[in-house]
Amino acid sequence: MSIFKPELKPGIDLIICWPNSMDYPVWRAFILKHQELFGKIFIVFTETNAGVDYTDFVKEALKGDRFEFLYPEPTQAGEDWRNNAVNMALDRSTANWVWFTEQDLLVTGPQFWQIIALSMTKYDVIGYKEGNRLHPANLWVKREFINKTTRNFGIVPDQSDHFAKFFFSLRHS
């Protein structure tokens, strides 16, 4: 039984960008253990042009109805690879909430889920603030607020990292 309230239905989708030349065994085990909390888990493979391609291995390790693997088109000049990847997944997501996360977020106890579930009843955006932005390793956003933004997850060169434009747009929507 899910710890998330029925009014959150159709639930929560998870979006994560996955460099194709990397494997994250701890994160794979974590998401397999908790996959029932999500409607869909979108893994968007991003091209690194380096090393071994683990795409087939990851797909085999994360078999299941909840997992959807996406492959964005190659990034063109002037485009941002993460913006393209996240928007590709958002276009397929239908849940009321989206959890944007990264493989280096290590959830070590059940209180994490309890805090998130409680926060979802009170807030429209939940995250970890780092400097002047919400960190994309742990950002939960209600769909209606995502749709009010520019949906730009790109960087501002020499000024800010990924999700900074989205955070600014979210604050001013």
Side-chain angles (χ1 to χ4, degrees), residues 1-46 54-70 82 85-149 151 153 161-164 166-167 170-171 173:
M1 180 162 181
S2 177
I3 62 168
F4 296 107
K5 304 259 185 235
E7 60 267 20
L8 296 176
K9 299 295 180 199
I12 306 159
D13 285 342
L14 183 156
I15 295 177
I16 191 163
C17 296
W18 196 297
N20 68 347
S21 63
M22 303 292 291
D23 181 32
Y24 302 92
V26 173
W27 197 87
R28 278 192 290 105
F30 161 78
I31 202 57
L32 283 170
K33 179 179 178 182
H34 299 289
Q35 65 180 303
E36 76 282 350
L37 298 175
F38 304 98
K40 283 297 219 178
I41 299 166
F42 294 97
I43 296 176
V44 188
F45 288 109
T46 57
Y54 287 97
T55 302
D56 290 338
F57 175 80
V58 171
K59 285 173 52 180
E60 182 67 25
L62 296 176
K63 279 186 177 175
D65 293 340
R66 296 184 195 279
F67 293 94
E68 188 168 332
F69 303 99
L70 303 173
R82 191 154 186 192
V86 170
N87 274 295
M88 178 181 230
L90 275 176
D91 287 344
R92 300 186 61 82
S93 170
T94 59
N96 289 335
W97 282 84
V98 175
W99 183 27
F100 302 99
T101 189
E102 297 176 337
Q103 294 89 341
D104 58 353
L105 177 72
L106 299 177
V107 175
T108 59
Q111 66 276 16
F112 174 81
W113 301 114
Q114 295 162 354
I115 292 167
I116 295 297
L118 178 62
S119 296
M120 291 173 104
T121 66
K122 298 178 180 183
Y123 306 105
D124 301 316
V125 178
I126 307 158
Y128 165 73
K129 193 167 181 190
E130 180 185 63
N132 63 355
R133 71 169 181 148
L134 289 173
H135 200 288
N138 185 31
L139 182 58
W140 303 72
V141 184
K142 197 180 271 189
R143 163 75 55 190
E144 69 180 274
F145 289 92
I146 293 170
N147 293 342
K148 291 178 183 179
T149 71
R151 283 181 44 169
F153 301 90
D161 201 358
H162 290 107
F163 277 70
F166 176 69
F167 178 54
L170 194 58
R171 288 185 62 193
S173 60

To check you understand the geometry: which heavy-atom pair defines the closest contact between [X] and [Y], and what is its length?
X: R28; Y: A61; value: NH1-CB, 3.7 Å
X: L70; Y: M88; value: CB-SD, 3.8 Å
X: A95; Y: G11; value: CB-O, 3.3 Å
X: T94; Y: D13; value: N-OD2, 3.2 Å
X: T46; Y: P19; value: OG1-CA, 3.3 Å

Euclidean distance, [Y] [atom2] relative to [X] [atom1], rounded to 0.5 Å:
X: N20; Y: T55; atom1: CG; atom2: OG1; value: 4.5 Å
X: L139; Y: I126; atom1: CG; atom2: CD1; value: 9.0 Å
X: F167; Y: K129; atom1: CZ; atom2: NZ; value: 5.0 Å
X: I15; Y: N87; atom1: CD1; atom2: CG; value: 8.5 Å
X: M22; Y: F45; atom1: CE; atom2: CZ; value: 13.0 Å
X: L170; Y: I146; atom1: CG; atom2: CD1; value: 8.5 Å

**Asked** With a 6.0 Å cut-off on ring centres, are Y24 and W18 close enough?
**Response** yes
**Asked** Charged N to carboxylate O under 4.0 angstrom, D161 versus R82?
**Response** no
**Request:** Over 60° means perpendicular and under 30° means parallel, so classify the ring planes of F57 and Y54, tilted if in between.
**Result:**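 Answer is perpendicular, since the angle exceeds 60°.
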**Criterion ring pair (Phe, Tyr, Trp, His ring centres under 6.0 Å) against F100, the qualifying member of W140, F163, F42** =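 Considering W140, F163, F42, a ring pair (Phe, Tyr, Trp, His ring centres under 6.0 Å) with F100 is found only for F163.
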Heavy-atom side-chain contact between [X] and [Y] under 4.5 Å:
X: Y128; Y: L105; value: no
X: V125; Y: V141; value: yes
X: P136; Y: E102; value: yes
X: R66; Y: E36; value: yes
X: T101; Y: W27; value: yes

**Asked** Going by atom types alone, do N138 and W99 pair a side-chain donor with an acceptor below 3.5 Å?
**Response**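 Checked: N138/W99 side chains pair up, N/O donor to acceptor below 3.5 Å.
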Side-chain ([X]) to main-chain ([Y]) donor-acceptor, under 3.5 angstrom:
X: E144; Y: N96; value: no
X: D104; Y: A137; value: no
X: S119; Y: I115; value: yes
X: D23; Y: V58; value: no

**Message:** Before you tell me yes or no, could you show the steps for L90 and F153 under side-chain contact (heavy atoms from CB on, under 4.5 Å), namely the whole-Å CA-CA distance, both residues' side-chain angles and the distance that decides it to 0.1 Å?
**Reply:** CA-CA 11 Å; L90 275 176; F153 301 90; 3.6 Å; yes
**Prompt:** In this structure, are over 12 heavy atoms from other groups packed under 6.0 Å from Y123 atom OH?
**Reply:** no
**Message:** Using a 6.0 Å cut-off, check whether atom CG of D65 has over 12 heavy atoms from anything other than its own residue.
**Reply:** no
**Request:** Under the side-chain contact (heavy atoms from CB on, under 4.5 Å) rule, what do L134 and R171 come out as? Steps first, then yes or no, please.
**Result:** CA-CA 11 Å; L134 289 173; R171 288 185 62 193; over 6 Å; no
**Message:** Set out, in order, the CA-CA distance, both residues' side-chain angles and the distance that settles side-chain contact (heavy atoms from CB on, under 4.5 Å) for I31 and F67, then state yes or no.
**Reply:** CA-CA 10 Å; I31 202 57; F67 293 94; 4.1 Å; yes
**Message:** On the six-membered ring of F145, is K148 placed so that its NZ or CZ lies under 6.0 angstrom from the centre and within 45° of the ring axis?
**Reply:** yes
**Message:** Using side-chain contact (heavy atoms from CB on, under 4.5 Å), reason through I12 and L37 one step at a time and then give a plain yes or no.
**Reply:** CA-CA 7 Å; I12 306 159; L37 298 175; 5.9 Å; no
